[in-house]
Amino acid sequence: MGNLSRRAVIRASVQLAAAGALSRPYIANAANTTASAWWVQGFAQEEDVAFRQVVEDYQKASGNTIDYSIIPYAPERQKIVSAITSGDVPDLFTANPAEIVALYAWQGKLVDVGDVVETQKSQFSETALLSAQCYNSVTKRRGTYGVPFTGAVLPIHVWKSLVEKAGYKIEDIPKTWDPCWDFFKDVQKKLRAQGARNVYGQGLQVTANGVDPNNTFHYFLIAYGGQDIVTKDGLLHVDDPKVRAAVIKALTYPTTSLKQGFVPPSAVNWNDADDNNAFHSKLIVMDLDGTISTEVAIIKDQEDYNDIVTMGLPLSNEGQPVPSQLTVVNALIPVGAKNVAVAKDFLKYFIQPKVNNEWLKVGLGRNIPVMPQIVKDDPWWFADPHRKAYTTQGVIGSTVPAYWAFNPAYSQVQTEHVWSTAWNDILNNGMTADAAADKAFARIKEIFAKYPIVQS
Amino acid sequence: MSSTSVLEFAPSAIRQRITTWRHLRGGLKGSEYAWAIAFLVPYVGVFLAFVVYPAVYGLWMGSEASLYSELFSDPIYQSTVVNTVLFLGIAVNLKMFCALLLSGFFMRRGWWVKALLMIYVLPWAVPALPTFISIHWMLNGEWGLINNAIYQIFHIDGPAWLDSRWFALGSAIYSHIWKWMPFWTVILLAGRMAIPQDLYDAAKVDGATGWRQFVHINLPLIANLYLICTLLSTIFSLGDFNSVFFVTGGGPANSTHVLATLGIRDAFDLAQPRLGVAAVMSALPLVIPLVIILMRKLKTAEVQL
């Protein structure tokens with residue numbers, strides 16, 4: 001070991017620091033053409049392959065580099081929260097879950113991407129545009145804080161063989177809301193009468209995990225006429241008698257079904273995948289669940305794939321079409337991103353209808369476009385019976401945005417699972433639907449009080 | 001000329017200063033000290049970056065008083081505290097007591113006991129996540145392995161394990177015990193094996209066998225180890241996220257959260273990291289006394305006979 005003096009250590013440290021400082025401009029120059037991206041992992045591997053292809057094509061076309069990470073759903077969410085909290089953010093990421101666009105826009109933590117959306121504004125559906133325009137409490141006005149690139153609605157998935165085994169045909173399914181759901185109760189009764197032990201008519205997600213129970217509640221709420229619980233101006237209307245009545249019905253129907261034994265008891269604690277597992281194991285005859293991942297997951301088993309019938313929503317009890325709440329997924333650029341220009345440039349490329357369409361198609365159509373013209377120009381979207389039903393419901397049919405787009409308070413309502421708690425109060429705490437609704441309303445009002453929106 | 005000789009001729013005040021300086025340097029001289037610093041710097045850097053900084057950052061994040069008033073008014077937090085106390089009280093004590101008994105069993109001679117021990121430690125050896133997810137599926141009320149087995153054998157429907165608070169919490173406690181009891185059994189087994197055979201032989205001469213040997217030899221000699229293991233296990237179990245999250249998911253309706261899972265829920269599901277940190281920090285009044293007791297116990301130098 002040679003002699004190492006204190007001076008030598010200090011001298012070496014200074015030289016190292018100087019070398020680092022001198023090389024920084026070159027690193028910075030490289031960064032000028034590089035944007036970092038966090039992308040949520042697809043349900044099917046093909047979705048990730050498709051994203052890599054988009055990046056590769058963009059890099060060739062632009063000369064820029066997208067330094068991307070494809071991350072599973074839950075870890076990506078945790079990384080996003082950590083990044084926003086610490087300020088050490090990537091240049092762009094997918095909104096995960098979708099409602100964080102509203103939350104972070106409110107906090108002034110997102111870059112306005114109106115110029116990106118403007119490039120395809122005429123292509124986007126109104127629901128998509130509304131889902132990207134969120135309120136910023138710092139600037140006290142709405143802005144475009146997300147770049148919509150896909151969406152999802154909840155179709156109904158039905159085992160045709162189970163319906164037929166019960167002595168019915170798919171055409172027998174009633175066209176209006178309550179009769180449609182009640183039909184599956186009859187199917188269950190018939191199947192049980194034939195000796196089937198563990199089969200349930202309805203797959204209703206009355207759990208407090210993930211996004212599914214929120215979606216389920218909102219679909220029932222809208223069908224029962226409570227669509228205006230939050231309006232475009234961000235105001236809450238739980239005191240509106242029509243909304244209140246719809247909420248009580250949306251709390252009552254699923255819980256009554258479960259109490260009557262038409263929904264698997266374990267549905268109170270299902271996670272995101274459990275309803276899919278229950279459906280695939282034919283524990284439930286039908287499932288109301290987002291996207292056609294239920295079908296795509298078993299596409300290699302053509303017999304089962306073709307045995308599933310994918311349906312849009314029935315009409316309301318009054319015979320009116322029920323709009324589907326479309327969850328629009330946005331790409332976001334956080335404040336503090338080092339290379340906003342490249343991030344925006346990449347997103348402008350990504351939302352070109354041709355590029356976006358190819359990306360969605362490689363993902364087997366699990367997610368639908370938020371640009372209606374895409375499906376009008378490409379018959380692929382109607383070439384498969386599942387995709388056709390899903391596209392018709394979510395792109396061609398009537399859709400409404402998620403409520404968080406109107407007021408970020410609703411993000412918290414969803415993440416806290418206020419409605420699931422109300423279901424649980426009815427199921428396990430002996431509350432009436434009225435009392436559970438009142439308790440939920442009180443909590444929702446508390447949350448909304450934290451997010452005042454200045455009306456222009 | 002060596003530094004020792006310099007000291008011999010230096011005035012006493014300077015000599016004293018040099019001696020003190022050298023003492024502060026741990027007796028190291030010249031470049032030895034520089035090398036020591038050079039080797040120490042990476043460790044200190046890592047320690048500051050990955051231990052001190054996160055701890056201080058966490059304390060800072062959870063330092064607002066308003067977070068705690070928000071937390072304490074949350075009914076989910078209140079039930080979580082009850083769950084955490086039950087989880088620790090039942091899971092840790094049952095696990096440690098059973099581990100104590102089983103460590104006695106595994107002291108027996110015979111190849112089959114060793115073979116059984118090998119099988120017994122498997123739950124601890126296998127990765128936690130897949131096993132807890134498997135347990136979650138096995139406990140499914142409708143299509144899970146356990147209820148199907150109950151139906152096949154007894155022709156009755158088994159309980160809905162994960163659909164009510166107490167069954168679900170019990171399932172999480174069971175999973176924790178199943179996972180960690182082998183580890184503590186092996187630790188206590190090692191403690192028993194360290195007891196000199198002479199003591200048992202002497203006890204036999206005095207006519208003490210079985211239960212009396214356990215009470216008068218085993219128990220006093222491993223009492224300190226048992227207590228330290230119990231304290232350690234309590235601290236570890238307080239941070240046990242997996243047994244609850246992957247078995248019950250904190251459900252139904254957030255009724256089976258413990259502080260570790262609630263912290264993650266608040267931080268990431270609700271996107272309120274400060275609230276999540278506050279939830280975890282609220283365990284400090286329990287953790288700090290435990291750590292102090294543990295440190296005091298670890299200072300014990302003599303065997304407590």
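Reminder, nothing fancy here: chain letters follow the sequence lines and each chain counts from 1.
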Legend entry - For A/Lys439, salt bridge (charged side-chain N to carboxylate O under 4.0 Å, His left out) partners two or more places apart: A/Asp425

Measuring from atom [atom1] of [X] to atom [atom2] of [Y], what distance do you get when rounded to the nearest 0.5 angstrom?
| X | Y | atom1 | atom2 | answer |
| --- | --- | --- | --- | --- |
| B/Arg265 | A/His417 | CZ | NE2 | 8.5 Å |
| B/Asn140 | A/Leu283 | CG | CG | 7.5 Å |
| B/Glu142 | A/Arg197 | CD | CZ | 9.5 Å |
| B/Asn254 | A/Asn209 | CG | CG | 7.5 Å |
| A/Gln78 | B/Phe268 | CD | CZ | 5.0 Å |
| B/His136 | A/Asn271 | NE2 | CG | 4.5 Å |

What residues of [range] sit under 4.5 Å from chain A when only non-hydrogen atoms are counted?
| range | result |
| --- | --- |
| residues 64-89 of chain B | B/Glu70 |
| residues 163-171 of chain B | B/Asp163 |
| residues 152-159 of chain B | B/Asp157 |

Inset, instruction - Between chain A and each of B/Trp161, B/Tyr151, B/Trp143, count heavy-atom pairs under 4.5 Å; write down the option with the most. - result: B/Tyr151

Residue pair [X] / [Y]: nearest heavy atoms and the distance that separates them:
| X | Y | value |
| --- | --- | --- |
| A/Val81 | B/Ala267 | CG1-O, 3.4 Å |
| B/Ala271 | A/Leu103 | CB-CD2, 3.9 Å |
| A/Thr85 | B/Tyr57 | O-OH, 3.9 Å |

Inset, instruction - Considering only heavy atoms and a distance below 4.5 Å, find which of A/Asp274, A/Thr207, A/Leu427 pairs most often with chain B. - result: A/Asp274

Inset, instruction - Identify which of A/Ser266, A/Ala208, A/Gly210 forms the greatest number of heavy-atom pairs closer than 4.5 Å to chain B. - result: A/Ser266

Inset, instruction - Look at atom CH2 of B/Trp180 and say whether more than 12 heavy atoms of other residues, nucleotides or ligands are closer to it than 6.0 Å. - result: no

Legend entry - Test log, rule side chain to side chain contact (heavy atoms under 4.5 Å, CB included), inputs B/Leu270 and A/Glu416: CA-CA 7 Å; B/Leu270 304 189; A/Glu416 269 191 27; 3.9 Å; yes

Legend entry - Test item: A/Asn424 side-chain N/O and B/Ala253 main-chain N/O as donor-acceptor pair under 3.5 Å: no

